[in-house]
Amino acid sequence: MKPLTQLGVFGNPIEHSLSPRIHSLFAQAQQEHVNYQRYLATSGRFSRSVAQFFCHGGRGANVTLPFKQDAARLVTQLTERAQLAGAVNTLISSKSGQLVGDNTDGEGLAIDLENKGFKVSGRSLTIFGAGGSARGILPLLLAQQPKHLYLINRTVEKAEALKSELKALGLAEANLVQVLSSASAIEEPVELLINATSSSLTGQCLTLPPILADDACGYDLMYAAKPTVFMHQLTQVGCKKVSDGLGMLVEQAASSYQLWMGGERPDTTSVMSELRKSS
Ligand code: ATR
């Protein structure tokens, strides 16, 4: 039998996290011996809990809300994409004893968009939100050279600050970003809409752009058993291709798993259908 690998996820709340299930399915498929646990952290004890986990032999951990930015400050080394995102969702204990912080959220979204045929390159994008989730995905979306990226946030200063930060970090594509306080000001047909706000958690509607392209696609980073309010809104205005964020969740998990375990990227298709079946 292969040695047991200790993995886990830190967050608050954490009890509903699907990550233990996803990682167990990966481990089962790859015949690895993995123990992946949920850890409820508090803001005062987050760094101590993480340190304890790694002191007791933890190989790697995920970090979820609201600790992704804390995790970026905690590590001894940040990957370039985690530095650009200003947030860490994957902690890795390196052989040399360093605690490395990476961010697989953007990659997870990019792979899922590609799987679904939701094109980014050369297209007109609207991203709602300028918080932690938006930060995590913007660098990878911009790297795919959209035609235009409208960044919409009701607190427009936060979106301006995010754009300036990306520019200051040397991301040339930050010039493709146009900041607006409402999507109602967009004058061209939008081809891909991504909800990176927490509006779906509270069931609130967003103001959509006035014109959507005929083949527009919509993606909500949230996942839920039922379609989110954002997905409903888009369907009502005739958008035919809408998705929740389950695929992103599974793909970012696959990227983390591969970073910890080495070897092949886990197969995500079977895991996704398993999760849909039981939701
Ligand atoms: P996360 O890490 O999930 O991104 P966050 O950093 O708190 O969480 O950011 C939440 C984002 O959702 C913000 O962009 C927030 O807008 P403000 O910056 O104006 O607060 C956005 N948001 C939350 N509820 C919203 C709503 N009902 N309508 C529009 N935007 C909303």
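Counting starts at 1 for both ligands and their atoms, following the listed order. When a residue number appears, it is its place in the shown sequence, counting from 1. Values in this document were obtained by computation on a predicted structure and should not be read as measured data.
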May I ask you to check if ligand 1 and A134 share an N or O to N or O distance below 3.5 Å?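 Among all N and O atoms of A134, none is under 3.5 Å from an N or O of ligand 1.
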
N or O contact, N153 vs ligand 1, cut-off under 3.5 Å: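 N/O-N/O distance under 3.5 Å: yes.
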
Between D244 and R276, does any side-chain N to carboxylate O distance fall below 4.0 Å? yes

What I want to find out is whether E274 reaches K277 closely enough, with some N-O distance under 4.0 Å, to be called a salt bridge. yes

Quick one: nearest non-hydrogen protein atom to [atom], plus distance?
{"atom": "atom 27 (N) of ligand 1", "value": "Q204 OE1, 3.0 Å"}
{"atom": "atom 9 (O) of ligand 1", "value": "G131 CA, 3.4 Å"}
{"atom": "atom 20 (O) of ligand 1", "value": "R154 NH2, 3.2 Å"}
{"atom": "atom 21 (C) of ligand 1", "value": "T197 CB, 3.6 Å"}

Could you pull out the closest heavy-atom pair between E107 and L140, with the gap in Å?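 Looking at all heavy atoms of both residues, the shortest contact is N-CD1, 3.0 Å.
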
Taking all non-hydrogen atoms of both residues, which atom of G218 and which atom of L234 are closest, and how far apart?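 That closest heavy-atom pairing would be CA-CD1, 3.6 Å.
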
Identify, by atom number and element, the atoms of ligand 1 in contact range of [X], meaning under 4.0 Å from any of its heavy atoms.
{"X": "S198", "value": "10 (C), 12 (O), 23 (C), 24 (N)"}
{"X": "L206", "value": "28 (N), 29 (C)"}
{"X": "S133", "value": "1 (P), 2 (O), 3 (O), 4 (O)"}

Among A130, G129, G132, which residue places a heavy atom closest to atom 6 (O) of ligand 1?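 Closest candidate by heavy-atom distance is G132.
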
My understanding is that we take every heavy atom of each candidate and find the minimum distance to atom 17 (P) of ligand 1. Doing that for V156, T155, L65, which one comes out nearest?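 Closest candidate by heavy-atom distance is T155.
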
Please work out whether the ring planes of F53 and F10 are parallel, tilted or perpendicular, with thresholds of 30° and 60°. perpendicular

For the residue pair Y36 and H23, categorise the inter-ring angle as parallel (less than 30°), tilted (30 to 60°) or perpendicular (more than 60°).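 Y36 vs H23 ring planes: parallel.
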
Please tell me if the side chains of D112 and Y219 come closer than 4.5 Å, counting only heavy atoms from C-beta onward. yes

Between H56 and Q6, is there a side-chain donor-acceptor contact under 3.5 Å, judged purely by atom types and distance?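 The criterion, which ignores hydrogens and geometry beyond distance, is not satisfied for H56 and Q6.
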
